[in-house]
A.B. asks: 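There's a structure below that I have some questions on.
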Protein chains: 2
Amino acid sequence: MMVSTKGRYALTVMVDLARNEGGGYVSLSDIAEKEHLSMKYLESIISILNKGGMLMSLRGKNGGYKLARDPKDYNISEILLLTEGTLAPVNCIMQEGVQCEKAATCSTLPLWAGLDKAIEGYLSAITLEDIINGNRKKMLGDYCESCEPSETAE
Amino acid sequence: MMVSTKGRYALTVMVDLARNEGGGYVSLSDIAEKEHLSMKYLESIISILNKGGMLMSLRGKNGGYKLARDPKDYNISEILLLTEGTLAPVNCIMQEGVQCEKAATCSTLPLWAGLDKAIEGYLSAITLEDIINGNRKKMLGDYCESCEPSETAE
DNA sequence: ACAAATCCTACTCTGTTAGTAGGAATATGT
DNA sequence: ACATATTCCTACTAACAGAGTAGGATTTGT
C-alpha cells in the first residue's frame, strides 16, 4: 500500500470542502463528525494542507477552513504528494535527481520509473471537481461497467 | 511506497534466472553474491517464489533454482502480487469482493479503484522478457527520452 | 469574559519491514 | 561411506513508520 490514512483522509477533507464551495468556513469538528474520523488526527492532517497553501483558514469563533482555489484547479496528485511526501512505488525512486548508485546498470529501474510515471500520470489527470461530479468515466476508464464504451477502446 | 525490498529482490532474482534460461540450476549463493544481497534474506523470498510455482528447485550439491516457464510467460504483476500479497495502493481496496462498508456512498472509491487498475494494468502488460531485453519503450512509453516518438502520442 | 475555533509540541502503541540465526533434509562427487 | 554443498524450515530481533492521543496556547466573535 502506497497511500496511508493520512493521504486518504486529506483527500476526504478536500472533497468535503469542495462540496461546500461558495459557503463560508467549515470547522474541523464538522468535518470530523460528518466523516466519523478522529478530530485530533484530522487536525494534524489539515495542518499540512493548510501550510502547503491548499486552504484558507480562519481562527476563533465561527472559524474554520475553505479551499484556496476552485475545485477544478486541484489535481489529486498534488494533494497526495503534499500529505504523503512521495507517491513513489519503490524506495529506489524518491525524488527527481536523487537516484540509486546502481541506477546505471540496474535492469529493473526502467520498470519502476515507468510505474511511477503511470501512477503520477493517472493521479495528476484527475481533479477535485471530477470527484465531486462523480466522473466515473475519467476515474475508471475502460474498467467502468456503468459507463458506455469509450471510443479509445475499439 | 507500495513495493518493499521483498518484491523488488524477488523481481531481481527472477530477472537473474531469466538471463540464465537454458542453463542449469543456479544456486542461491550465486545470486546473492552477484547482487550483493543477504543470502539468508533472499532465501526467505525465493521460498515464496518457489512455493508459488514460479520456480523449479533442486536440493543437494549442484542444486539451485531455475524458471518454471519461459521468461515471456511471466508478467511482473504476478511476481509482485505473490511476494507482496497485494499491490493495492490503499487499504480500502484489498481483494476482489472484499470492500469497505462505506463503499456504496464513498465518493473517493472510484479514484482508488481506478488507480489500482492503472497500476495493475501497467504491471501485467510487462513480462520478464521485456526486462531482460531492456524494452524501454514498453516500460517508459512516452516518457522515454531515448525512444523515438510513438505513434499513439500524436 | 467566555466560548469556539485554529495552532503547536510531544508522546504512545502497534504492526510491518528487513533482516539474522540455527539447524534439518537431501543430493552429488570422490 | 562420507564430506560437502545445497535447499528447506522455524523462530527470533531491531528499527521504523503508521495511526492516532494528550494537553495546552492562541485567536476571534458575541
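The shown structure was predicted, so the numbers you read here are calculated from the model rather than taken from an experiment. Residue numbers begin at 1 in each chain, while the letters A, B, ... track the order of the sequences.
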A.B. asks: Within the structure, does a side-chain N or O atom of B:S4 lie under 4.0 Å from either OP1 or OP2 of C:dA18?
C.D. replies: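 Indeed, a polar side-chain atom of B:S4 lies that close.
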A.B. asks: By nearest nucleotide on DNA chain D, pick out whichever of A:K61 and A:M39 is the more 5' one.
C.D. replies: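 Taking each residue's closest nucleotide, the earlier one in sequence belongs to A:M39.
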A.B. asks: Please give, in whole Å, the distance from C:dA5 C1' to A:L55 CG?
C.D. replies: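 Checked: the CG to C1' distance equals 15 Å.
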A.B. asks: Does C:dA18 have OP1 or OP2 under 4.0 Å away from a side-chain N or O of B:T5?
C.D. replies: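 It does, given that an N or O in the side chain of B:T5 lies less than 4.0 Å from OP1 or OP2 of C:dA18.
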A.B. asks: Applying a 4.0 Å non-hydrogen cut-off, can you work out what B:I46 is touching in the nucleic acid: base, sugar-phosphate, or nothing?
C.D. replies: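 No contact at all - B:I46 keeps every heavy atom at 4.0 Å or more from the nucleic acid.
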A.B. asks: Whole angstrom is fine here: how far is it from CE in B:M54 over to P in D:dT7?
C.D. replies: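 Distance, rounded to whole Å: 19 Å.
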A.B. asks: Strictly distance-based, threshold 3.5 Å: is any side-chain N or O of A:E84 a donor or acceptor partner for the main-chain N or O of A:S4?
C.D. replies: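 A pair under 3.5 Å: yes.
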A.B. asks: Give a yes or no on whether a donor-acceptor pair under 3.5 Å exists between the nucleobase atoms of D:dG23, that is its base, and the side chain of A:K40.
C.D. replies: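 Indeed there is one.
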A.B. asks: When you check the gap from the basic side-chain N to the acidic O, do B:E120 and B:K117 get nearer than 4.0 Å?
C.D. replies: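 No.
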A.B. asks: Any side-chain N or O of A:S57 under 4.0 Å from OP1/OP2 of C:dC7?
C.D. replies: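 Yes.
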A.B. asks: Is it the case that over 12 heavy atoms from other parts of the model lie below 6.0 angstrom from the NZ atom of A:K138?
C.D. replies: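 Yes, the 6.0 Å shell around NZ holds more than 12 heavy atoms from other groups.
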A.B. asks: Applying side-chain contact (heavy atoms from CB on, under 4.5 Å) between B:L128 and each of B:D73, B:N75, B:L11, B:D70, report the one that passes.
C.D. replies: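 With B:L128 as partner, B:D73, B:N75, B:L11, B:D70 yield a single side-chain contact (heavy atoms from CB on, under 4.5 Å), made by B:L11.
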A.B. asks: Rounded to the Å, how far apart are B:L49 CG and D:dT7 C1'?
C.D. replies: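 Going from B:L49 (CG) to D:dT7 (C1'), I get 14 Å.
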A.B. asks: Could you work out which one of C:dG19, C:dT28, D:dC8 sits closest to the side chain of B:Y65?
C.D. replies: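 Looking only at heavy atoms from C-beta outward on B:Y65, the closest nucleotide is D:dC8.
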A.B. asks: Report the distance from atom CD of B:E33 to atom C1' of D:dT6, rounded to the nearest whole Å.
C.D. replies: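 Answer to the nearest Å: 15 Å.
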A.B. asks: Can you measure B:E84 atom CD to C:dT16 atom P for me and round it to whole angstrom units?
C.D. replies: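 Taking CD of B:E84 and P of C:dT16, I get 13 Å after rounding.
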A.B. asks: Among C:dC7, C:dG19, D:dG20, find the nucleotide with the atom closest to the side chain of A:N50.
C.D. replies: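 From the listed options, C:dC7 comes nearest.
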A.B. asks: What's the CG-C1' distance between B:L58 and C:dT26, to the nearest Å?
C.D. replies: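 Interatomic distance, CG of B:L58 to C1' of C:dT26: 9 Å.
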A.B. asks: Charged N to carboxylate O below 4.0 Å: is that the case for A:R19 and A:E35?
C.D. replies: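 No salt bridge links A:R19 with A:E35.
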A.B. asks: Ignoring the backbone of B:E43, work out which of D:dC9, C:dG19, C:dT6 is nearest its side chain.
C.D. replies: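 From the listed options, D:dC9 comes nearest.
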A.B. asks: Checking all strands, does B:Y25 fall into the base, sugar-phosphate, or nothing category for heavy-atom contacts under 4.0 angstrom?
C.D. replies: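 It contacts nothing in the nucleic acid.
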A.B. asks: Round to the nearest Å and state the distance from A:I31 atom CD1 to C:dA5 atom P.
C.D. replies: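 Rounding to the nearest Å, CD1 of A:I31 and P of C:dA5 are 12 Å apart.
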A.B. asks: Starting at the 5' end of DNA chain D and moving along, which residue's nearest nucleotide shows up first, A:Y41 or B:L28?
C.D. replies: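 Upstream on the strand: B:L28.
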A.B. asks: Considering the options A:V15, A:I126, A:N135, which one meets the side-chain contact (heavy atoms from CB on, under 4.5 Å) requirement together with B:L111?
C.D. replies: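 Single pass found, and it is A:I126.
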A.B. asks: For DNA chain C, whose closest nucleotide is more 5', that of B:S38 or that of B:G60?
C.D. replies: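 That would be B:S38.
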A.B. asks: Ignoring hydrogens and angles, answer whether the base of C:dA27 and the side-chain atoms of B:R59 contain a donor-acceptor pair closer than 3.5 Å.
C.D. replies: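 Result: no qualifying N/O pair found.
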A.B. asks: What integer distance in Å separates B:D30:CG from D:dT6:P?
C.D. replies: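 For the pair B:D30 CG and D:dT6 P, the rounded distance is 7 Å.
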